Number of protein chains: 4
Amino acid sequence: MTSKTKANRGPSAGPENRRALLAAAREVFATEGFSAPLSAIARRAGVGQGSLYRHFPDRTTLAIAIFDENLADLEAFVDRPESTLDGLLDRVIEQALASTALIDLVSANPHDPHTAHLAERLDAVVSRLLTREQAAGRLGEHVTPPDVILAVSMLAGVLARSDPADRPDVARRAWALFHAAFAPG
Amino acid sequence: MTSKTKANRGPSAGPENRRALLAAAREVFATEGFSAPLSAIARRAGVGQGSLYRHFPDRTTLAIAIFDENLADLEAFVDRPESTLDGLLDRVIEQALASTALIDLVSANPHDPHTAHLAERLDAVVSRLLTREQAAGRLGEHVTPPDVILAVSMLAGVLARSDPADRPDVARRAWALFHAAFAPG
Amino acid sequence: MTSKTKANRGPSAGPENRRALLAAAREVFATEGFSAPLSAIARRAGVGQGSLYRHFPDRTTLAIAIFDENLADLEAFVDRPESTLDGLLDRVIEQALASTALIDLVSANPHDPHTAHLAERLDAVVSRLLTREQAAGRLGEHVTPPDVILAVSMLAGVLARSDPADRPDVARRAWALFHAAFAPG
Amino acid sequence: MTSKTKANRGPSAGPENRRALLAAAREVFATEGFSAPLSAIARRAGVGQGSLYRHFPDRTTLAIAIFDENLADLEAFVDRPESTLDGLLDRVIEQALASTALIDLVSANPHDPHTAHLAERLDAVVSRLLTREQAAGRLGEHVTPPDVILAVSMLAGVLARSDPADRPDVARRAWALFHAAFAPG
DNA sequence: AATGAATGAGGATTCATTCAT
DNA sequence: GATGAATGAATCCTCATTCAT
C-alpha cells in the first residue's frame with residue numbers, strides 16, 4: 001500500500017527543515033509579499049505545517065530569523081575594512097524587500113526585545129561605517145547614524161515597492177539624492 | 001409590519017452613498033491599514049455591501065477614487081501662486097498612508113490607464129511647483145521632477161510605516177535630507 | 001456548466017437558516033457532544049459556514065439560543081396550573097444534554113448578562129413550581145429554590161453522562177433520592 | 001559536543017517517567033480540563049512525547065491509571081475502621097474532576113474490562129462503607145450501593161462543573177440533600 | 001527504552017463576492 | 001439602485017500520532 005503521507009525523516013531533518021523554511025520564506029515573501037500565506041512557505045519548503053510552526057511559532061519569528069541572517073551578512077561586510085556606505089547600500093538593495101519588512105517590524109514593535117536587538121545591530125553596522133567614511137572625508141561631519149538609517153529605510157521602502165526591473169535605476173537615483181545630502185563640506 | 005432593515009432610499013441615494021463610502025474608506029484605511037476588510041468600509045458608511053460593489057467593483061477602484069480626490073486637492077493647492085514644495089510635502093505628510101497606497105498602486109499597475117492618469121497628474125503638480133521654486137531660486141536647477149517624485153514617494157513610504165506619533169519628527173528629519181539635496185547651487 | 005456551489009437563495013433564507021441551524025445544533029450536540037465541530041452543524045443544516053457565524057458568532061451564542069428555546073418550553077409548561085415538579089423533571093430529562101450544557105454555561109459565565117438572564121428565568125420557573133407544590137403539601141417547607149436547582153443540575157449532569165438507553169432508569173433512581181430529600185414533614 | 005537535547009537516561013528511567021507522567025496528568029487535567037493536550041502533560045512531566053505514548057497509548061489508558069491510584073487511596077481509606085461515608089465524600093470532593101472523568105469513562109465504556117474492573121472496585125468500596133454505616137445505624141436500611149454510587153456520581157459531576165471557589169459550598173448543599181434521602185428510619 | 005521533531009488532518013474564523021428581494 | 005444575508009474558499013493554528021535516532 002502506497003501512502004500519500006510523506007515519510008517522517010525523524011529529528012535529524014530538523015536543521016535541514018529550518019534552513020529549507022528560511023529559504024522558502026525568502027522566496028515566497030519576495031514573490032508574494034510579506035503577507036503571503038505561511039502554508040505556501042511550508043509547501044515550498046517541502047515541510048509539514050506543524051514543522052513550520054515548531055521552528056517559527058509565528059510570522060514575526062520567521063521574519064526575525066530572516067533579518068538575523070541578513071544582519072549577520074551586513075556585519076560580516078562591515079568587518080572588512082574596505083567596505084563603504086555604498087557597498088552597504090548595494091546589499092540593502094539586494095535585500096530590499098526583506099529590509100523593508102525588517103524596518104517595518106522594528107518600527108511596529110519598538111518594545112519587543114528581539115526587534116530591539118535587531119535595531120541595535122543595524123545601528124551598530126551603520127555607525128561603524130559612518131565613522132569610517134567620515135574619517136576618510138567621504139561624508140560630512142553633520143551626518144548622524146539616524147540620518148543614514150532613515151535614508152536606508154526610505155531607500156529600502158521605495159525599492160520594495162518598485163518593479164524589480166526598475167530597482168537598479170530607482171536605487172541609483174535615490175542614492176544620488178542622499179549623496180548630495182551627505183556630501184562633506 | 002416593522003422591519004429592522006434600513007429603508008431602501010432608492011436611486012437618489014446613489015451620489016450620497018458614494019461620498020459616504022469614500023469618506024468611510026479614508027477613515028478605515030487610515031486606522032486599519034489599506035488591507036482592511038471592505039465590509040468594514042460598507043458598515044462604517046452605513047451602506048450595504050452590494051452598494052459598495054456597485055460603486056467600486058474592487059479595492060483598487062476605491063483606492064483610485066480616493067487618490068483622485070487627493071490629487072484634486074493638490075491641484076487646487078498648486079493653483080495658488082504662493083504654494084511651495086514644503087507646502088506640498090505638508091499635504092503629503094497628512095495623507096501619508098493614502099499617498100503610499102497611491103504610489104504602490106501606480107508602481108504596481110504602470111500600464112493601467114487609470115493609474116497612469118493619476119501618475120501624470122501627480123507629475124504635473126510636481127512639475128509646476130518645481131518650476132516655480134526654481135524660478136524663485138529656492139531650488140537647484142539640477143533637480144528634476146522625477147527627483148522630487150522619488151523624494152515624495154520615499155517620504156510617504158517611511159511615514160506610512162511610522163508610528164503616527166513619530167511622524168512629525170520623521171517627516172522633519174527626512175525633509176531636511178532632501179532639502180540638502182535639493183538646495184540651489 | 002453545472003456548479004458545485006449551492007445557489008444563493010438570498011436574504012429570505014435567513015430565518016429558515018436560523019431555524020435549520022438551531023435544529024442541526026440540537027442534533028449534533030446530542031449525538032456528538034457539546035464540543036462537536038461547528039462545521040458539522042453548518043453542514044447538517046445545509047448552510048454555509050459563514051451563515052452559521054453570521055447567526056451565531058460563537059459556540060456560546062448558539063448554545064444560548066438553544067437554551068432560550070428550552071426555557072420558553074419550560075415557561076409554557078409551568079404556565080399550566082396542573083404542572084408539577086415531576087413534570088418539570090421529565091422535560092429536563094428529555095433535554096438532558098442541553099440542560100447540562102445550559103448549567104455548565106451559566107456556571108462558567110456567571111457575569112455574562114445573557115447567561116445571567118437565562119439563570120433568572122430558570123430560577124423563576126423553579127420558584128413558581130416550588131411554591132405551588134409546597135402550597136399543595138406535596139413538598140416540604142424546608143425546600144428552597146436553590147435546592148431544587150441543584151437537584152435539577154445534578155440530575156441533568158448525570159443523565160448527560162449516561163448511556164441514552166439507561167437514562168430512564170437513572171432518572172427514576174435519582175429522582176427517588178430527591179423525593180426522599182424533598183418530602184414534606 | 002554539547003547537546004541541547006535532554007540526556008537519554010535509558011530504560012532505568014521507565015518507572016520514574018511513569019510516575020512523573022501520572023503526576024503531570026493530574027495537574028494538567030485539574031487546571032486545563034480533561035481534554036487538555038497530551039503534549040502539555042509530557043512537557044510538564046519533563047518526558048518525551050514518545051515516552052508518554054509508550055506508557056499510555058491513549059488518553060483513556062492514562063485516565064484509567066489515574067483512577068486506579070485514586071481507587072487505591074479510597075480502598076486504603078475504607079480499610080480504616082473509623083472511616084465514614086462523609087469521609088469518602090470528602091475525598092471525592094477533593095478529586096472532583098478526576099472523579100467525574102472516571103465516572104464518564106465507566107459509563108462510556110461499560111464493556112471495557114479495565115473500566116469494568118474500576119467500577120467493581122468502586123462498588124466494593126461503597127458497599128463496605130455502606131454496610132458499616134447501616135450497622136452503626138447512621139444510614140437507613142433502604143439505601144443501596146447503587147444509590148450511593150449514583151449520589152457520588154451526581155455530586156462529583158456537579159462539582160466538576162462548579163467554579164473551584166464555589167465547590168465547598170456546593171458540596172455542602174448537595175450533601176445535605178443526600179443526607180436527608182439517606183437518613184435512617 | 002527514551003527522545004523530541006515531523007507530519008498532516010481537522011477545526012475555527014474571516015472575508016471577497018454574489019444575488020434574491 | 002439599494003440592501004444585507006448567503007456562500008465557501010482560504011488561512012491560521014493546534015494537536016494526536018508516528019518514527020528516526
Side-chain angles (χ1 to χ4, degrees), chain A residues 3-18 35-40 42 47-55 57-59, chain B residues 3-14 16-17 35-40 42-43 46-55 57-59, chain C residues 3-18 35-40 42 47-55 57-59, chain D residues 3-14 16-17 35-40 42-43 46-55 57-59:
Chain A
S3 161
K4 244 83 131 284
T5 315
K6 195 183 171 190
N8 179 342
R9 308 209 333 287
S12 67
E16 194 178 329
N17 277 354
R18 191 175 200 281
S35 46
L38 294 184
S39 56
V47 151
Q49 289 265 78
S51 297
L52 185 155
Y53 277 86
R54 164 177 288 277
H55 286 292
D58 55 35
R59 192 180 292 273
Chain B
S3 159
K4 241 84 129 283
T5 310
K6 194 182 171 189
N8 181 338
R9 310 208 324 291
S12 67
E16 191 179 331
N17 278 353
S35 46
L38 294 184
S39 55
R43 197 177 329 118
V47 151
Q49 293 263 76
S51 300
L52 185 155
Y53 274 84
R54 167 169 296 276
H55 287 293
D58 55 35
R59 192 181 291 274
Chain C
S3 160
K4 242 83 128 284
T5 314
K6 195 184 173 190
N8 180 342
R9 307 206 336 285
S12 67
E16 192 178 329
N17 278 353
R18 192 177 198 282
S35 47
L38 295 184
S39 55
V47 151
Q49 289 266 78
S51 297
L52 184 154
Y53 277 86
R54 163 176 291 275
H55 287 291
D58 54 35
R59 192 180 292 273
Chain D
S3 160
K4 240 85 128 282
T5 311
K6 194 181 170 190
N8 179 337
R9 308 209 325 291
S12 65
E16 190 178 333
N17 278 353
S35 47
L38 295 183
S39 56
R43 198 177 329 118
V47 151
Q49 293 263 76
S51 298
L52 186 155
Y53 274 82
R54 167 169 296 275
H55 287 292
D58 55 34
R59 193 180 292 274

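Only heavy atoms go into these numbers, but all of them, side chains included; no hydrogens, no water, no symmetry mates. What you see is a predicted model, and the numbers here were worked out from it, not measured in a lab. Throughout, protein chains are lettered first and strands after them, A, B, ... in sequence-line order, and every chain is numbered starting at 1.
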Which whole-number value in Å describes the distance from [X] [atom1] to [N] [atom2]?
X	N	atom1	atom2	value
B:Leu52	E:dT18	CG	P	13 Å
B:Tyr53	E:dT17	OH	P	4 Å
B:Leu38	E:dT18	CG	P	12 Å
B:Glu16	F:dT3	CD	C1'	15 Å
D:Arg54	F:dT17	CZ	P	16 Å

Looking only at non-hydrogen atoms, find the nearest pair between A:Gln49 and A:Ser39 and report the distance.
OE1-CA, 3.2 Å

Heavy-atom pair of closest approach, residues B:Gly48 and B:Ala42
O-CB, 4.1 Å

Using heavy-atom distances to pick each residue's nearest nucleotide on DNA chain F, tell me which of D:Gly50 and A:Ala40 is more 5'.
A:Ala40

If pairing requires Watson-Crick or G-U wobble contacts with both distances under 3.5 Å, which nucleotide is the partner of [N]?
N	result
E:dA6	F:dT17
E:dA1	none
E:dG11	F:dC12

Once you round to the nearest 0.5 Å, how far does NE2 of B:His55 lie from CG of B:Asn17?
5.0 Å

Using only side-chain N and O atoms of [X], determine if any of them is under 4.0 Å from OP1 or OP2 of [N].
X	N	answer
B:Arg43	F:dG4	no
D:Asn17	E:dA1	no
C:His55	F:dA6	yes
B:Ser51	F:dT3	yes

With nearest nucleotides of DNA chain E determined for B:Pro57 and C:Ser35 from heavy-atom distances, which residue corresponds to the more 5′ nucleotide?
C:Ser35

Can you check whether any acceptor in the base of F:dT3 is under 3.5 Å from a donor in the side chain of B:Gln49, or vice versa?
no

